[in-house]
Number of protein chains: 2
Amino acid sequence: MQLSNSSQYAIRILSYMALEQDSKLLNATQLAATLQIPYKFLTKIMTEVVKAGLVVSIRGREGGYRFEKPTSQIIVSEILKIFNDSIEDKQCVLGIGFCNGVCKCALHDQWMKPKLLMQKMFEESSLADIAGKGCKQ
Amino acid sequence: MQLSNSSQYAIRILSYMALEQDSKLLNATQLAATLQIPYKFLTKIMTEVVKAGLVVSIRGREGGYRFEKPTSQIIVSEILKIFNDSIEDKQCVLGIGFCNGVCKCALHDQWMKPKLLMQKMFEESSLADIAGKGCKQ
DNA sequence: CATAAATACTACTTAAAGGTAGAATTAAAT
DNA sequence: ATTTAATTCTACCTTTAAGTAGTATTTATG
């Protein structure tokens, strides 16, 4: 499954933003302090999120980040894709054991069942779905 | 979940050994060739597996590796522990969101269910269980 | 004993992820 | 216009996993 730190941080940041935001801008300094993420690393992550079009950034004084489309339309798996944490791969636990293109490794079925559940979770959860479910940061 | 290459290789090696072995020794050269694992890396991994007591090694000419206890008594999770791929952690997808010691992160329940299935799989599968289920290498 | 074939040990190299630093750019406010 | 507070860009540093190299040690066999 292999979620990178960047992906995890991005999910935290965006789900927090989805919870807080009333179309007001949230800036990197506040986000970093609130979420306990190193400021410089957060800005690096957010720059990629902006490039991917999930949020827009307003530069300059009084700037920050904001969603432009409803958070119900932002799916968690889109966030993972930004950081190449691809979820769709069919690879199995041992990464081997292909017979005629079909994995037959020893643990295949038992491994793939929970893995597919995780994939489903990421592909069917929007930011709106998950915002507010956790602790207030 | 984070299975390291070493863990994956170790599972492959040991499940292959469980399948092949009639109390005969299997040596690193053969194993590396058969399983397509770099020889030097395989010996490094096997040295740790030996230290952990899962197999015994016979040094010198005609040496090799061999199980001493039945493969039904070697559990997959023991292999993972050798390489610090701990499976028991209660950590959730976002690695945060503890309220009174209980994780309440946004994706907690949906994440933990498949994760627990994977943990169960590793803790309840022995080498005997999985040997022979995959393709012949 | 000498040799050959095996594992074990120590140290190094490489590649990728995680994270940091500093300067450049932007734009509101005064 | 200047200042200030924000994002963005480029480049670097650090840590860890993955893999390699070479030598030492062990032991059956002739």
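Naming: A, B, ... by sequence-line order, numbering from 1 per chain. Computed from a predicted model, the values in this text were never measured in an experiment.
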inquiry  = For B:I74 and B:S126: C-alpha separation, side-chain torsions, deciding distance, then whether side chain to side chain contact (heavy atoms under 4.5 Å, CB included) applies.
reply    = CA-CA 5 Å; B:I74 298 177; B:S126 72; 5.9 Å; no

Under 3.5 Å donor-acceptor, [X] side chain and [Y] backbone:
X: A:S15; Y: A:I11; result: yes
X: B:T34; Y: B:Q30; result: yes
X: B:R12; Y: B:L35; result: yes

Nucleic acid contacts - residues 47-60 of chain B versus DNA chain D, non-hydrogen atoms under 4.0 Å =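 DNA chain D contact set from residues 47-60 of chain B: B:R59, B:G60.
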
Using a 4.5 Å cut-off on heavy atoms from C-beta on, say whether the side chain of [Y] contacts that of [X].
X: A:L25; Y: A:Y65; value: no
X: A:F67; Y: A:L127; value: yes
X: A:Y9; Y: A:I79; value: no

Can you give me every donor-acceptor pair (side chain of residues 41-58 of chain B, partner residue at least two apart or in another chain, under 3.5 Å) with its distance?
from, atom 1, to, atom 2, distance (Å)
B:T43, OG1, B:K40, O, 2.9
B:T47, OG1, B:T43, O, 2.8

task = With sequence neighbours excluded, tell me which residues meet side chain to side chain contact (heavy atoms under 4.5 Å, CB included) with A:Q73.
result =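 A:Q73: side chain to side chain contact (heavy atoms under 4.5 Å, CB included) contacts with A:K69, A:P70.
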
Set of residues satisfying side chain to side chain contact (heavy atoms under 4.5 Å, CB included) with respect to B:T29, sequence neighbours excluded =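 With sequence neighbours excluded, B:T29 shows a side chain to side chain contact (heavy atoms under 4.5 Å, CB included) to B:N27, B:Y39, given in chain and number order.
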
message = If I take atom NZ in residue B:K40 and atom P in nucleotide C:dA8, what distance separates them, rounded to the nearest angstrom?
response =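 Interatomic distance, NZ of B:K40 to P of C:dA8: 12 Å.
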
Whole-Å gap separating C1' (C:dA28) and CZ (A:R61) =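 Interatomic distance, CZ of A:R61 to C1' of C:dA28: 6 Å.
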
Contacts of B:E124 that satisfy salt bridge (Lys or Arg N to Asp or Glu O under 4.0 Å) - sequence neighbours left out =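 Testing B:E124 for salt bridge (Lys or Arg N to Asp or Glu O under 4.0 Å), a comparison that skips the adjacent residues, returns B:K120.
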
key: Residue-phosphate contact under 4.0 Å: B:Y39 side-chain N/O, C:dA5 OP1/OP2   =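 For C:dA5, neither OP1 nor OP2 has a side-chain N or O of B:Y39 closer than 4.0 Å.
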
task = With axes from five pairs an end, tell me the bend angle of the helix from C:dC1-D:dG30 to C:dT30-D:dA1, nearest 10°.
result =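 Taking five pairs per end, the axes differ by 10°.
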
Under 3.5 Å between N/O atoms: give me all the protein pairs with nucleotides 11-18 of chain C, atom names plus distance.
from, atom 1, to, atom 2, distance (Å)
C:dG18, OP1, A:N5, N, 3.0

ask   = side-chain hydrogen bond (donor to acceptor under 3.5 Å, both in side chains) with A:T71: which residues, sequence neighbours excluded?
value =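 Not a single residue meets the side-chain hydrogen bond (donor to acceptor under 3.5 Å, both in side chains) criterion with A:T71.
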
message = Taking any atom closer than 4.0 angstrom to a non-hydrogen atom of chain B, what span of DNA chain D does the protein reach, first nucleotide to last?
response =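 Range of nucleotides touched by chain B: D:dA18 to D:dA28.
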
query = If you link I, L, V, M, F, W and Y whenever their side-chain heavy atoms are under 4.5 Å apart, who else ends up in the same group as A:L117?
reply =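 For the cluster that includes A:L117, the remaining residues are B:L117.
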
